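Here the structure is a predicted model, which means the values were calculated and not measured. All values below were derived from every heavy atom in this structure, side-chain atoms included, with hydrogens, water molecules and symmetry-related copies excluded.
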Amino acid sequence: MKTRKPLPKKQNNALPLVSSPSIASLKHIALQEQRSKLPIAKGKDALIREFQEHDVTVLLGETGSGKTTQIPQYLLESGIARGGMIAVTQPRKVAATSLAIRVAAEQNVTLGTSVGYSVRFDERFSSETRIKYMTDGMIVRELMSDPLLSKYSVVIVDEAHERSLRTDLLIANLKTIQRQRNGFRDVKGKGKDKADAPNPLKIIIMSATLDAEKFGQFFSGAKILYVQGRQHPVKIYHSSQGQIDYVDAAMRTFYQIHTDYPPGDVLIFLPGQEDIESLERTIEMYAKQLPQDSLSVLICPMYAAQAAGQNSKVFLPAPPKTRKCILATNIAETSITIPGVKYVIDTGKCKEKRYLARNTGGGLDTLLTRDITQSSAMQRAGRAGREGSGHCFRLYTENAFKAMPLSAEPEIMRCSLSSSLLQLKCIGQDLEKLELMDQPAEESMKSSLIVLFLLGALNREKEITAVGRQMASFPLEPVYGRAIIASKDYDCVHEVLDIVSVLSASSKLFVESFEQRDAVSEARKKFRHVCGDHLTILNVVKAYQEIAQSEGKSDRKEWCRRHFLNERALLEASDIRDQLRQTCQRLGIDHSISCGDKEDPIIFSLGHGLAMNIALLQPDGTYKQTIGQSIVKIHPSSALCDKKTPAIIYDELVYTNQIYARGVSRIPKSFIITLGALKQQS
DNA sequence: GAGCACTGC
């Protein structure tokens with residue numbers, strides 16, 4: 001964290017709204033001073049020379065080097081970017097926006113002029129913009145309208161080591177784009193001369209140190225540079241033997257720190273909510289037995305599904321004579337930085353979602369606990385050294401650490417490819433032929449091709465169809481794009497958009513509360529629809545809209561709280577719905593068409609999208625897929641659990657200890673027959 | 001009758 005110089009109080013009071021020029025320039029001078037003190041500043045001239053000489057640079061460096069804020073400014077100030085834009089891509093929205101704010105301040109310009117950003121639902125840039133921070137998903141979307149990314153003279157891919165699906169797709173495309181834009185001559189002298197290239201592209205890949213070779217190999221001839229970070233030393237302790245019960249081991253290690261080490265907050269990494277809750281209970285139990293003169297313990301659980309506001313105490317300094325103990329999932333590894341942490345306890349475990357493709361089309365998600373990677377372990381340890389030297393206690397042996405894979409398997413190897421495959425088809429590319437850093441399994445590719453064929457997005461020649469093009473223009477999984485298109489024929493676009501936007505929001509609609517589970521299920525009954533979870537969602541959306549029309553903001557909040565609904569999910573869904581309505585308009589689909597109180601049209605529309613996700617009731621009460629033949633159970637959180645519905649459609653399958661179908665609705669058997677007949681015709 | 005890490009358009 002950077003500290004800002006305190007401003008003179010008097011002036012601050014005199015001008016509460018607009019800062020005077022003198023304050024602004026004071027601020028600017030302070031920022032310039034900070035800039036020059038960053039570790040990277042010493043190498044500025046050498047870096048600029050390297051960027052001038054090489055078309056691709058791989059920049060390796062730890063956190064705290066300032067590379068993400070400084071390099072774009074160096075490129076701009078040195079004229080390397082010429083007249084074009086510099087794109088800096090990030091895997092997360094918050095990072096993109098906060099970096100842009102920071103760099104605009106350093107450049108002493110208003111955000112949105114020469115420095116801007118672009119993320120979903122939020123953008124600040126203009127025709128003047130030269131440095132644009134953006135999410136990688138955003139620039140991948142831009143590929144569809146501008147396949148050569150001709151607006152950009154430099155593209156900087158930050159956090160490339162995370163290997164998100166979109167980062168990988170972007171890197172693959174950048175390589176081919178550069179070949180086209182920069183010109184090349186092969187050994188036989190064929191191709192263009194570099195000198196003829198009117199609009200060359202420079203690529204800069206930024207990554208953590210571990211994956212240097214991989215990027216170097218992919219971009220042959222790339223210059224690899226190292227920049228130093230600014231991290232305080234962290235002393236690492238491994239346990240002498242493997243721990244079977246890591247929750248118990250974490251508890252004992254915590255009390256060892258608590259009694260033997262000086263004040264400072266403790267951050268414990270655990271795989272999931274369940275372990276967090278159980279560790280919270282045991283730590284609290286022993287806290288009562290502490291001697292009176294010792295520090296008290298304040299436990300702060302932290303995970304994504306937590307109700308909003310619950311986790312705010314994490315960011316406040318610990319009260320006097322108190323040690324904060326933060327129990328967190330991976331959320332504290334990259335997404336959120338918690339101040340005051342001096343000790344880290346690392347269980348070495350995390351949960352990983354992995355998509356298993358099936359050659360019948362579609363597949364299922366597994367969500368299982370596994371060992372972390374070396375780079376993840378280093379990242380976790382680093383969380384103890386943000387503000388001063390720290391300590392990291394690993395609940396695994398040094399040999400176990402060495403046995404861990406270096407870094408996580410790229411996302412492209414463990415997720416459904418349908419959406420990306422379709423997007424690439426739109427710009428005439430084939431995922432199978434694209435030169436990627438890592439090639440996904442053939443099985444996964446085949447499965448996605450089948451899905452897209454069954455949805456009518458591709459024909460037998462694997463060419464994109466008119467329907468496929470429409471599906472690709474929705475920022476949704478292809479199945480839901482297909483449902484919207486079907487809803488046009490069933491006259492229920494309005495309702496399907498309402499449902500689909502909630503399904504694709506990242507926050508969950510229903511708040512989970514372990515302590516108030518009875519109250520939760522009672523509240524949920526009010527919205528429950530006999531047809532299942534999709535229409536239950538529609539009930540919630542309709543009820544919320546009614547409240548929103550008549551009540552103020554605070555009453556809406558209160559209403560959500562009373563019904564155990566996550567308002568964040570509803571607000572997010574409303575943004576998504578606006579975006580989907582715009583897409584409909586572009587495609588000439590009237591988004592206001594409604595089916596009123598009828599249910600079947602909605603179910604039929606969803607059925608067209610979820611045609612691969614149908615299962616039939618068996619005599620023993622379980623369900624059997626119509627495609628894939630797996631036995632699945634309806635998840636207990638579903639409105640249709642134990643309802644013995646003869647035939648169902650579902651949003652997804654998740655394997656934890658059993659295969660559960662989630663997001664379930666009743667579907668008439670006659671519809672399945674109709675669907676089969678339609679397939680025969682095509 | 002179960003339990004769900006994290007992103008993104």
Side-chain angles (χ1 to χ4, degrees), chain A residues 89-96 118-123 134-145 159 162-170 269-278 302-306 328-336 347 349-354 365-370 372 376 379-380 408 411 414-415 419-420 422-423 426 471-478 480-481 501 504-514 517 520-521 572 575-576 579-580 582-583 621 633-638 640-643 652 654-663:
Chain A
T89 74
Q90 294 292 323
R92 281 167 288 279
K93 292 207 276 193
V94 267
S118 171
V119 302
R120 192 185 190 186
F121 305 130
D122 190 12
E123 54 179 34
M134 58 207 295
T135 44
D136 43 22
M138 210 66 189
I139 201 167
V140 169
R141 269 278 150 181
E142 268 185 35
L143 271 175
M144 294 179 63
S145 54
E159 312 284 7
E162 287 187 22
R163 302 293 307 276
S164 78
L165 173 64
R166 283 157 291 272
T167 304
D168 273 18
L169 289 177
L170 176 61
F269 282 102
L270 293 142
Q273 183 180 347
E274 205 185 345
D275 287 329
I276 288 175
E277 279 167 357
S278 113
M302 196 155 162
Y303 46 87
Q306 219 173 12
T329 60
N330 261 355
I331 195 168
E333 198 180 297
T334 48
S335 305
I336 286 168
T347 58
K349 303 282 177 192
C350 68
K351 278 199 182 170
E352 188 187 66
K353 199 167 185 175
R354 177 173 281 272
D365 283 314
T366 62
L367 190 72
L368 302 168
T369 302
R370 58 161 287 167
I372 58 168
S376 177
Q379 181 77 21
R380 288 179 174 192
E411 192 186 0
R414 50 186 172 87
C415 71
S419 182
S420 310
L422 187 62
Q423 265 190 49
C426 268
M471 280 161 63
S473 37
F474 288 102
L476 292 169
E477 281 298 308
Y480 297 119
S501 41
S504 78
S506 59
S507 318
K508 265 183 257 170
L509 184 57
F510 295 107
V511 173
E512 297 289 331
S513 172
F514 192 76
R517 57 198 297 176
V520 171
S521 60
E572 206 183 322
D575 281 339
I576 295 171
Q579 203 182 26
L580 297 178
Q582 280 171 28
T583 311
K633 276 181 92 172
I634 295 179
H635 195 272
S637 66
S638 167
L640 290 190
C641 186
D642 294 331
K643 292 285 185 286
E652 57 175 359
V654 181
Y655 174 78
T656 48
N657 353 343
Q658 296 189 74
I659 303 176
Y660 289 108
R662 293 170 47 184

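When the salt bridge (Lys or Arg N to Asp or Glu O under 4.0 Å) test is applied to A/Arg92, the partners found at least two apart in sequence or on another chain are A/Glu162. For A/Glu572, the salt bridge (Lys or Arg N to Asp or Glu O under 4.0 Å) criterion is met by no residue, not counting sequence neighbours.
Distance A/Arg380 CZ to B/dC6 P: 12 Å, rounded to the nearest Å. Rounded to whole Å, atom C1' of B/dA2 lies 9 Å from atom CD of A/Gln658. Here B/dG3 presents its P atom at 15 Å from CG of A/Asp365, a figure rounded to the nearest Å. Rounding to whole angstrom units, CZ of residue A/Arg354 and P of B/dC6 are separated by 18 Å. Put simply, CD on A/Glu123 is 13 Å from C1' on B/dC9, counting in whole angstrom units. Between the CZ atom of A/Phe269 and the P atom of B/dC6 there is a distance of 12 Å, rounded to whole Å. Atom-to-atom, OH of A/Tyr655 to P of B/dA2 comes out at 14 Å; the value is rounded to the nearest Å.
For B/dC9, the OP1/OP2 oxygens have no side-chain nitrogen or oxygen of A/Ser504 closer than 4.0 Å. A sub-4.0 Å separation between OP1 or OP2 of B/dG8 and a side-chain N or O of A/Thr135 is absent. For the OP1/OP2 pair of B/dC6 and a distance below 4.0 Å, the side-chain nitrogens and oxygens of A/Thr329 include at least one atom meeting the criterion. Proximity of A/Asn657 to the phosphate of B/dG3: a side-chain N or O atom is located under 4.0 Å from OP1 or OP2. Between A/Lys351 and the phosphate of B/dC4, there is a side-chain N or O to OP1/OP2 separation shorter than 4.0 Å.
With B/dC4, B/dT7, B/dC9 as the candidates, the nucleotide lying closest to the side chain of A/Arg166 is B/dT7. Listed candidates were B/dG8, B/dA2, B/dA5. Nearest to the side chain of A/Gln273 is B/dA5. Side-chain proximity of A/Met138 to the nucleotides B/dT7, B/dC9, B/dG3 is greatest for B/dC9. Side-chain proximity of A/Arg120 to the nucleotides B/dA5, B/dC9, B/dG3 is greatest for B/dC9.
A/Ser504 and A/Glu477 share no side-chain donor-acceptor pair at under 3.5 Å.
Comparing A/Gln579 and A/Asn330 against DNA chain B, the residue whose closest nucleotide sits nearer the 5' end is A/Asn330.
Here the closest heavy-atom approach between residue A/Phe474 and residue A/Arg141 is recorded as O-NH2, 3.5 Å.
Below the 3.5 angstrom threshold, one finds a donor paired with an acceptor across the side chain of A/Arg662 and the base of B/dC4.
Heavy-atom neighbours of A/Glu274 CD from other residues, nucleotides or ligands within 6.0 Å: at or below the threshold of 12.
Backbone-only engagement by A/Tyr660 is indicated by non-hydrogen atom pairs under 4.0 Å involving sugar-phosphate atoms exclusively. Contact annotation for A/Ser419: no contact, since no heavy-atom pair falls under 4.0 Å across all strands. Across all strands shown, A/Arg92 has heavy atoms under 4.0 Å from sugar-phosphate atoms exclusively, and none from any base.
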